[in-house]
Amino acid sequence: MPIGSGITKDQVEAVLDTIRPALALDGGNVRLVEIDGNDIQLQLLGACSTCSSGPMTLRHGIEAELRRRLPSLGRIGSVPVATKHSTLP
């Protein structure tokens, strides 16, 4: 990959830092999991990870702002939070 290509962690984190206060108002957060060239993986955390509006928040809020501020951004994927399942004896 040529030098200067791809999205950097600092670029993504700078945008996410502008979004996090709004997520925190509802008990949520977002984490950058991985960068691969111009593609990124995000994970919704806290209340956002279990909220039925989480997918809408990701696509129409977080993704929209990332694409507005980072036009060369490629795919944005989401990584689910691992959940603990209880088992009955």
Side-chain angles (χ1 to χ4, degrees):
M1 182 177 296
I3 294 175
S5 65
I7 298 292
T8 68
K9 178 181 179 185
D10 288 343
Q11 289 174 310
V12 176
E13 288 292 349
V15 177
L16 294 179
D17 284 346
T18 67
I19 297 168
R20 286 184 173 115
L23 298 175
L25 289 173
D26 289 324
N29 202 349
V30 62
R31 179 173 78 96
L32 175 61
V33 176
E34 181 181 6
I35 298 176
D36 182 12
N38 286 340
D39 301 334
I40 64 171
Q41 293 285 323
L42 301 175
Q43 185 177 53
L44 293 174
L45 303 171
C48 290
S49 67
T50 57
C51 177
S52 62
S53 297
M56 293 289 277
T57 298
L58 182 63
R59 294 292 170 224
H60 298 289
I62 299 169
E63 181 175 335
E65 184 63 11
L66 283 163
R67 291 195 184 285
R68 186 180 75 77
R69 304 256 316 263
L70 302 171
S72 63
L73 190 62
R75 290 177 293 201
I76 299 176
S78 64
V79 176
V81 173
T83 58
K84 294 180 181 179
H85 296 283
S86 61
T87 56
L88 298 175

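Computed from a predicted structure; not experimentally measured.
- With sequence neighbours excluded, the residues that form a salt bridge (Lys or Arg N to Asp or Glu O under 4.0 Å) with D39 are R75.
- In terms of heavy atoms, P55 sits closest to S52 at CD-O, 3.6 Å.
- Here CG of L16 is found 12.0 Å from CD of Q11. Values are rounded to the nearest 0.5 Å.
- The closest side-chain heavy-atom distance from L66 to L42 is below 4.5 Å.
- The hydrophobic cluster of M56 has no other members, since no ILVMFWY side-chain heavy atom comes under 4.5 Å of it.
- Sorted by first and then second residue, the salt bridge (Lys or Arg N to Asp or Glu O under 4.0 Å) pairs with a member in residues 44-53 form an empty list; sequence neighbours excluded.
- In terms of heavy atoms, L58 sits closest to S78 at CD2-CB, 3.4 Å.
- L44 contributes atom CG, which lies 11.0 Å from atom OG of S53 (distance to the nearest 0.5 angstrom).
- Applying the side-chain hydrogen bond (donor to acceptor under 3.5 Å, both in side chains) test to pairs two or more places apart or on separate chains, those with a residue in residues 64-74 are E63-R67, E65-R68.
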Name every donor-acceptor pair, under 3.5 Å, that has one atom in a side chain of residues 28-35 and the other anywhere in the protein, sequence neighbours excluded.
from: N29; atom 1: OD1; to: R20; atom 2: NE; distance (Å): 3.1
from: R31; atom 1: NE; to: Q43; atom 2: OE1; distance (Å): 3.1
from: R31; atom 1: NH2; to: Q43; atom 2: OE1; distance (Å): 3.0

Chi angles and distances behind the side chain to side chain contact (heavy atoms under 4.5 Å, CB included) call for I76, I62: CA-CA 10 Å; I76 299 176; I62 299 169; over 6 Å; no

